[in-house]
Amino acid sequence: MNPVYDPQIVEKKAQEAWDHSACFVGDENRPGEKYYCLAMFPYPSGRLHMGHVRCYTLGDVIARYRRLKGYNVLHPMGWDAFGLPAENAAIKHNIPPAKWTRDNIDYMRSQMQRLGFGMDWSREFATCDSDYYHWEQWLFLRLYEKGMVYRKNAVVNWDPEDQTVLANEQVVDGRGWRSGAVVERREMAQWFLKITDYAKELLDELDDMPGWPESVKNMQRNWIGRSEGAEIDFVTEHDPAQTLTVFTTRPDTLLGATYVAVAAEHPLAKLAAETDAEIAAFIEQCKQNTTAEADMATMEKAGVATQLKVRHPLTGDLLPVWVANFVLMEYGSGAVMSVPGHDQRDWEFAQKYGIDIVQVIEPTGDEACDLAASAFTEKGRLVNSGEFDGKTFDDAFAAIVTALEGRGAGRSVTNYRLRDWGVSRQRYWGCPIPVIHCDACGVQPVPEADLPVELPTEVTFEGVSSPLHKMDEFLQVTCPTCSGPARRETDTFDTFMESSWYFARFASPDAKAMVDERAKFWAPVDHYVGGIEHAILHLLYARFYFKLMRDEGLVDADEPFKKLMMLGMVLQDGKKMSKSAGDAGDPQKLLDRYGADTVRTAMMFAAPPEQSFEWSEAGLDGAARFLKRLWNMVHEHAETGPVPVLDAAQLSPQGKALRRKTHETLQKADDDYGRRQQFNTVVSAVMELLNTVGKTQATNDADRAAVQEAWVSGVLIISPIAPHIAHELWTVLGMTEPLVGYPWPAVDDSALKQDSLTLVVQVNGKVRGQIDVAADLDETGVLASAKADANVQRHIEGKTIRKEIVVPNKLVNIVVG
RNA sequence: GCCCGGGUGGUGAAAUUGGUAGACACAAGGGACUUAAAAUCCCUCGGAGGCAACUCCGUGCCGGUUCGAGUCCGGCUCCGGGCACCA
């Protein structure tokens, strides 16, 4: 009798064997080319959901496959442990964020281990470990010295009732999610990293990253948003020493500018508000917009005229200054010139407020141009522009910029949509920003010897504000410059800071520096797996940070992630899974009922990696049935006793067909794992192989050897996906070397050879028959055979053959008329 | 609003470089085994006609290119992701 397949026993046994042999511990000295496989580390939200299961199974499948292909693999795991949910839990349940986080990590680690991921747990760390964030503070201070860091005002969402800053997701319909109070935009001094200094490199390098999906590269290109244009200075009427600078991509339309618009936070808006209650009221009203760009883009465009005027740099005409709610202070100089004739938004604004619309561009072709109906936004020929009339875009651009340069009133510039990275957060649960505020000396960096600035973890939350504000032992410090009393910064870093370099730390997790030489060995990550929701922010910040580290000499490469696999979302009720959506996605009960291999197989079988799909338990029974069949069939085969060495010459036709299927499956699986990165079809290929073995009657020793070969191959192929059952069956098949790292078998081309092929015959593109032909039959022979088919004859009879198309090994199309 | 994806049977999907649409599964229906059930095994399974051979229709919608389009092009529509403080 076969032993019954009991995943709980099989999986425990396999995991103990892996632990015992330490086969997943990364080691620079192992043979084989290094291969760093990494799945984006999780935020320890409490329990794994099916999105995690998918991501980490995919990472594990890739890592295990690479081991079979002879690579020296590093596959680590850790925790993105700082963040908002821990504070929310603290406020709600009065648990210190550190304890809540550590408990979650312990539970989620046990779930990952239960899933059998072949990860190197010896390198594990959490970003809330001071050993980790120490070096983030250290790098920040290095960047401070280099001038890569600066402080300026930026707007935040302010909850006036809770007296706290809210994240965008905490603002619901313009109100604080807890207090319900109307949220205000408020300016605060914040730290910024000069990512814009690297905009060009971040953009240009995308052209040389073949391992990234085009869609992600395009998203990043659009995000960085390089545009060629000009900066133009408008002298203010009230103070000729002051200028208002705008950026435009269309300096050719300068003569059509009929007003300028500034952001509500712009100094000119504030100046105008001093003497004008209507403007002050409008600015107040603008404060009720959130800081989210999506809200800005969809809201009703509105503005108010000021009494201020600026002088047109070429005509000297006075143009009115408007304050408009759609101008972003964060982008460019917080001011735009408005050309309603040739910009749709400006046109709508001018229509609404009765501002002049002047045509300065006319079509060169037959494009429609009716400024009474809409703006003409195409490039064309200049009119109503004095000396520039008749010029087309490129000439006009150059001539107008030259004219401006001559007056010192403009210059051509390359502008980026990308804004500098604001890294300050007015939150407790994050990495302390290592600066000190001294009344006498101003902002002072914490001396390197005093690092890390440790975040106190013994805290009690009273209300929603950061407990740091009330902790004198944290707050009160002496100024490193004058030794007088000073105050420690209470803001912490954006958590994207931690996730921007953790992959480098995994290479040398115990280094007494940010990283050591081992980072140069393992970096860059060869295969990075993660959700598509990280396509822009995380991946762009990490690329930037890696360049900062490179420029410090810490790493060698220019880019951190060679190959990027972007996963579609595992949806729940049509939306991405989140902490707030409950634990419907918790895999725990599935692991208890079916075991890890079934959960992993079902997840891999459900869809290809990049596709989003709604999670459903429907596939689990099928996956469980498949593994059980595999278990039973391999045991039945093993019970027939020892198998002789395969003698291909002695195979029966069935044995030969099975052997071909085995090698086709090896070839397909290798291609799917390695090149196509589509794993659902690996599972189906093994299912097909299993079905083929099931139909094979092994009548002689050679056939039994072919069956053995089929099972050894099938078990090996499925092992990255269902590693525990594979571990057990490997031994059942009499294999003595460990399966982890066993060399992937070479495909035997002679086994793939076919004597005859089935071709499809079409008449006028419709399938009319199938023919079996010798594999080496030439085109004339194939055509003759096709025309001999009875059904094909019926369709070509009495008609003229106009064209004959033969696609080798596939089909024949006969075109008749 | 802007940027990036996606839409194929009752369901998850496959079709890799423009070449047989629906592989492999799930669910369902029928049958075998069983006192019965579970498990297992076998058969059917896009729609319509024929009830066989075969024919017509069919990959979100409309149009185009091609001997041939799920695949390429143009226009739409619905769904998802991102939009700088969720991670």
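Below, chains carry the letters A, B, ... as their sequence lines are ordered, and counting in each starts from 1.
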For B/U20, does the base pair up with any side-chain atom of A/Gln770 as donor and acceptor (N or O, under 3.5 Å, distance only)? yes

What does A/Phe613 touch in the nucleic acid at a heavy-atom separation under 4.0 angstrom: a base, only the sugar-phosphate, or nothing? sugar-phosphate

Is there a donor on the side chain of A/Lys668 or the base of B/U16 sitting less than 3.5 Å from an acceptor on the other? yes

Heavy atoms only, 4.0 Å cut-off, all strands: where does A/Arg675 land among base, sugar-phosphate and nothing? base

Should B/G9 be called syn or anti, with syn set as within 90° of 0? syn

Whole angstroms only, please: what is the CG-C1' distance between A/Asn764 and B/U66? 13 Å

State which of B/C57, B/A87, B/C4 makes the closest approach to the side chain of A/Glu533. B/A87

Base, sugar-phosphate, or nothing: which does A/Ala606 touch, judged by heavy atoms less than 4.0 Å apart? sugar-phosphate

So for A/Asn222 and B/C3, does any side-chain atom that can act as donor or acceptor lie under 3.5 Å from a complementary atom in the base? no

So what's B/G46 paired with, Watson-Crick or G-U wobble, going by both distances under 3.5 Å? B/C57

Which part of the nucleic acid does A/Asp672 contact within heavy-atom distance under 4.0 Å: base, sugar-phosphate only, or nothing? nothing

For atom CD1 of A/Ile536 and atom C1' of B/G80, their distance in whole Å: 15 Å

Does A/Lys152, at its NZ atom, have more than 12 non-hydrogen atoms belonging to other residues, nucleotides or ligands within less than 6.0 Å? yes

Aromatic ring proximity, centroids under 6.0 angstrom, A/Phe626 and A/Phe605: no

A/Arg625 vs B/A39: side-chain N/O to OP1/OP2 distance below 4.0 Å: no

Flag the pair A/Glu87 and A/Arg425 as a salt bridge only when some basic side-chain nitrogen lies within less than 4.0 angstrom of an acidic carboxylate oxygen. no

Sugar-phosphate, base or nothing in reach of A/Arg221, heavy atoms under 4.0 Å: nothing

Could you state the CG-C1' distance from A/Asn632 to B/U40, rounded to the nearest angstrom? 10 Å

Name the nucleic acid region contacted by A/Gln190, choosing base, sugar-phosphate or nothing; use a 4.0 angstrom heavy-atom cut-off, strictly under. base

Ring centres under 6.0 angstrom apart (A/Trp223, A/Tyr416): no

Would you indicate which nucleotide in B/A87, B/G19, B/A84 comes nearest to any side-chain atom of A/Ala292? B/A84

For a quick check of understanding: with a heavy-atom distance under 4.0 Å over all strands, which category does A/Gln762 fall into, base, sugar-phosphate or nothing? base

Closest-nucleotide 5' rank along RNA chain B - winner of A/Asp671 and A/Ala607: A/Ala607

Among B/A87, B/G1, B/U40, the one nearest A/Leu84 by side-chain distance: B/A87

Regarding A/Arg417, tell me which of base, sugar-phosphate or nothing describes its non-hydrogen contacts under 4.0 Å with the strands shown. base

With heavy atoms under 4.0 Å as the rule, sort A/Val760 into base, sugar-phosphate or nothing. base

Given B/C67, B/C83, B/G12, identify the nucleotide with an atom nearest to the side chain of A/Ala294. B/C83

Length of the line joining A/Arg802:CZ and B/G68:P, which is rounded to integer Å: 14 Å

Given atom CG of A/Leu564 and atom P of B/G81, what is their separation to the nearest angstrom? 19 Å

Rounded to whole Å, how long is the line connecting atom CZ of A/Phe679 with atom P of B/A14? 13 Å

Can you label the angle between the A/Tyr541 ring and the A/Trp421 ring as parallel, tilted or perpendicular, going by 30° and 60°? parallel

Among B/A21, B/A84, B/U16, which nucleotide has an atom closest to any side-chain atom of A/Arg676? B/U16

Should B/G1 form a Watson-Crick or G-U wobble pair with both distances under 3.5 Å, which nucleotide is its partner? B/C83

Pair assignment for B/U8, Watson-Crick or G-U wobble, requiring both distances under 3.5 Å: none

Just checking A/Phe326 against A/Phe349, ring centres under 6.0 Å apart? yes

Describe the nucleic acid contact of A/Trp421 in one word from base, sugar-phosphate, nothing, applying a heavy-atom distance below 4.0 Å. nothing

Just call it for A/Thr681: base, sugar-phosphate, or nothing, with non-hydrogen atoms closer than 4.0 Å on any strand. sugar-phosphate

Checking all strands, does A/Thr291 fall into the base, sugar-phosphate, or nothing category for heavy-atom contacts under 4.0 angstrom? sugar-phosphate

B/A27 - base-pair partner by Watson-Crick or wobble geometry, distances under 3.5 Å: none

Across the strands shown, which category fits A/His52 at heavy-atom distances under 4.0 angstrom: base, sugar-phosphate, nothing? nothing

Please give, in whole Å, the distance from B/U66 C1' to A/Leu811 CG? 14 Å

Comparing nearest nucleotides in RNA chain B, the 5'-proximal residue of the pair A/Val683, A/Ala297 is A/Ala297

Nucleotide paired to B/U40 in any strand shown, Watson-Crick or G-U, under 3.5 Å: B/A32

Check whether the ring centres of A/Phe503 and A/Phe41 lie less than 6.0 Å apart, and answer yes or no. no

Check whether any side-chain N or O of A/Arg425 sits under 4.0 Å from OP1 or OP2 of B/C86, and answer yes or no. no

Students often get this wrong, so: under 4.0 angstrom with heavy atoms, is A/Gln426 touching a base, only sugar-phosphate, or nothing? base

In whole angstroms, how far is the C1' atom of B/C3 from the NZ atom of A/Lys217? 17 Å

Hey, does the Lys NZ or Arg CZ of A/Arg185 hover above the aromatic six-ring of A/Trp158, less than 6.0 Å from the centre and inside 45° of the axis? no

Quick one: which of B/A21, B/A87, B/C56 gets closest to the side chain of A/Val767? B/A21

Classify the ring geometry between A/His52 and A/His49 as parallel (under 30°), tilted (30 to 60°) or perpendicular (over 60°). parallel

According to the Watson-Crick and G-U wobble definitions, with both distances under 3.5 Å, which nucleotide is paired to B/C67? B/G19

Quick one: which of B/A14, B/G81, B/A84 gets closest to the side chain of A/Asn168? B/A84

